[in-house]
Asks: 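Quick one: the structure is below, and I'll ask about it shortly.
Order of appearance sets the numbers: ligands from 1, and atoms from 1 within every ligand. Small disclaimer: the values here were computed from a predicted structure and weren't measured.
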Amino acid sequence: MIIIKRDMEVEYMRHAGKVVSNTLVALQEVVKPGMTTAELDRIAEDIILKQGAIPSFKGYHGFPASICASVNNEVVHGIPSKRVLEEGDIISIDCGAYLKGYHGDAARTVPVGRVTGEALELIKVTEQSFFEGVKKAVVGNRLTDISNAIQIYVEKFGFSVVRTFVGHGIGKDMHEEPNVPNYGAPGRGPKLVAGMVLAIEPMVNRGSQHVSIESNGWTAVTIDGSLSAHYENTVAILDNGPEILTI
Ligand code: MG
Ligand code: MG
């Protein structure tokens, strides 16, 4: 069942979303060669707690950290560790925060120092594909109008959309119905109505769409070793159009 949020609930979700966006902005500023992903996680947790919120991810199905930190060919669910970031890496940081009974969820892929043009292009296309999807997140459209717009945009550049993971409804639970795929034919799925809140999150690979899961049981990597990027925001569908809660 898709849970439709009342105005007051959307208002609470703005607060959770603000915590997430503040945290991601701060993290993007501190990412640099020589730091570990565990350090980044500590900083994130600190910033989330200081805002009176709780990291959504920590303990979620046993996940051990406050952010997911996925480097280069890692697609999502990278576990922060002693891994040292190197000049030229790209890192996808996924962050969730719980405040006043509601979750916010967003992700950015960030260059570490100077990176290749290929890496920058992937980051840019992934980000823009989200905005192409959001244009379709309007009352009266169908869910997969969003999915289709993302896929069409990404594939224009010869990149591929990951199928294994999808976006989701969000609210009192971090993952609610419906699933929000980043691919597929338009005009399917539920009709979009005011009060739906969706985490729209394209994951895009430079190579094949296929991923495998590492032995830690969490981290998804591209099977061909190609670079992957992730861009996500929590979006409220309202009568006057979509409102992005995590920017
Ligand atoms: Mg996320
Ligand atoms: Mg999400």
Side-chain angles (χ1 to χ4, degrees), residues 2-3 5 13-14 16-28 31 37 40-41 44-45 47-48 51 53-71 74-80 90-99 102-110 123 126-127 129-131 133-134 137 143 146-147 150 161-183 196-205 211 213 218-221 228-237 242-247:
I2 299 174
I3 300 168
K5 277 76 182 177
M13 293 194 74
R14 287 188 183 101
K18 183 80 180 141
V19 170
V20 173
S21 85
N22 287 343
T23 306
L24 284 171
V25 166
L27 292 178
Q28 286 174 84
V31 166
T37 54
L40 208 55
D41 179 59
E45 182 166 322
I47 298 170
I48 293 168
Q51 296 176 89
I54 293 170
S56 300
F57 297 176
K58 204 167 190 179
Y60 186 81
H61 294 287
F63 191 78
S66 296
I67 55 168
C68 298
S70 310
V71 181
E74 295 173 348
V75 179
V76 285
H77 305 161
I79 299 176
I90 61 171
I91 178 171
S92 300
I93 304 169
D94 196 343
C95 176
Y98 182 72
L99 181 69
Y102 293 86
H103 292 275
D105 186 9
R108 308 281 182 264
T109 299
V110 183
I123 291 172
T126 306
E127 176 175 332
S129 74
F130 162 86
F131 288 98
V134 164
L143 183 75
I146 300 171
S147 315
I150 292 170
V161 166
V162 171
R163 271 53 163 189
T164 310
F165 302 97
V166 295
H168 49 93
I170 180 168
K172 287 183 177 166
D173 288 312
M174 192 166 62
H175 293 114
E176 296 183 352
E177 288 182 32
N179 281 341
V180 185
N182 299 300
Y183 61 94
M196 278 185 186
V197 184
L198 306 175
I200 301 173
E201 51 177 315
M203 289 145 271
V204 178
N205 299 345
V211 307
I213 307 295
W218 279 104
T219 311
V221 297
S228 186
H230 186 196
Y231 188 86
E232 174 182 28
N233 284 299
T234 299
V235 179
I237 295 167
E243 178 179 332
I244 301 171
L245 306 182
T246 45
I247 290 183

Asks: Would you say Ser56's side chain and Ala97's backbone share a donor-acceptor pair under 3.5 angstrom?
Replies: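 Looks like yes, one N/O pair under 3.5 Å.
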Asks: Count, excluding waters, the protein N, O or S atoms that are closer to the Mg ion (ligand 1) than 2.8 Å.
Replies: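 Protein N, O or S neighbours of the Mg ion (ligand 1) under 2.8 Å, waters not counted, come to 4.
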Asks: Verify, without hydrogens or angle tests, whether Arg108 (side chain) and Glu232 (backbone) share a donor-acceptor contact under 3.5 angstrom.
Replies: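 Indeed, once roles are kept as given, a pair shorter than 3.5 Å links the two residues.
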Asks: Would the His103 and Tyr60 ring centres measure less than 6.0 Å apart?
Replies: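 Aromatic pair excluded; centres sit 6.0 Å or further apart.
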Asks: For the OG1 atom of Thr219 and the CD1 atom of Ile213, what is their distance to the nearest 0.5 Å?
Replies: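 Those atoms lie 8.0 Å apart.
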Asks: Under 2.8 Å from the Mg ion (ligand 2) - does any N, O or S atom of His168 fall there?
Replies: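 So His168 counts as coordinating the Mg ion (ligand 2), yes.
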Asks: Sequence neighbours excluded, which residues qualify as salt bridge (Lys or Arg N to Asp or Glu O under 4.0 Å) partners of Glu127?
Replies: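 Scan of Glu127 (salt bridge (Lys or Arg N to Asp or Glu O under 4.0 Å), adjacent residues dropped) gives none.
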Asks: Between Thr246 and Asn233, does a side chain to side chain donor-acceptor pair (under 3.5 Å) hold up when you go through it step by step?
Replies: CA-CA 6 Å; Thr246 45; Asn233 284 299; 2.7 Å; yes
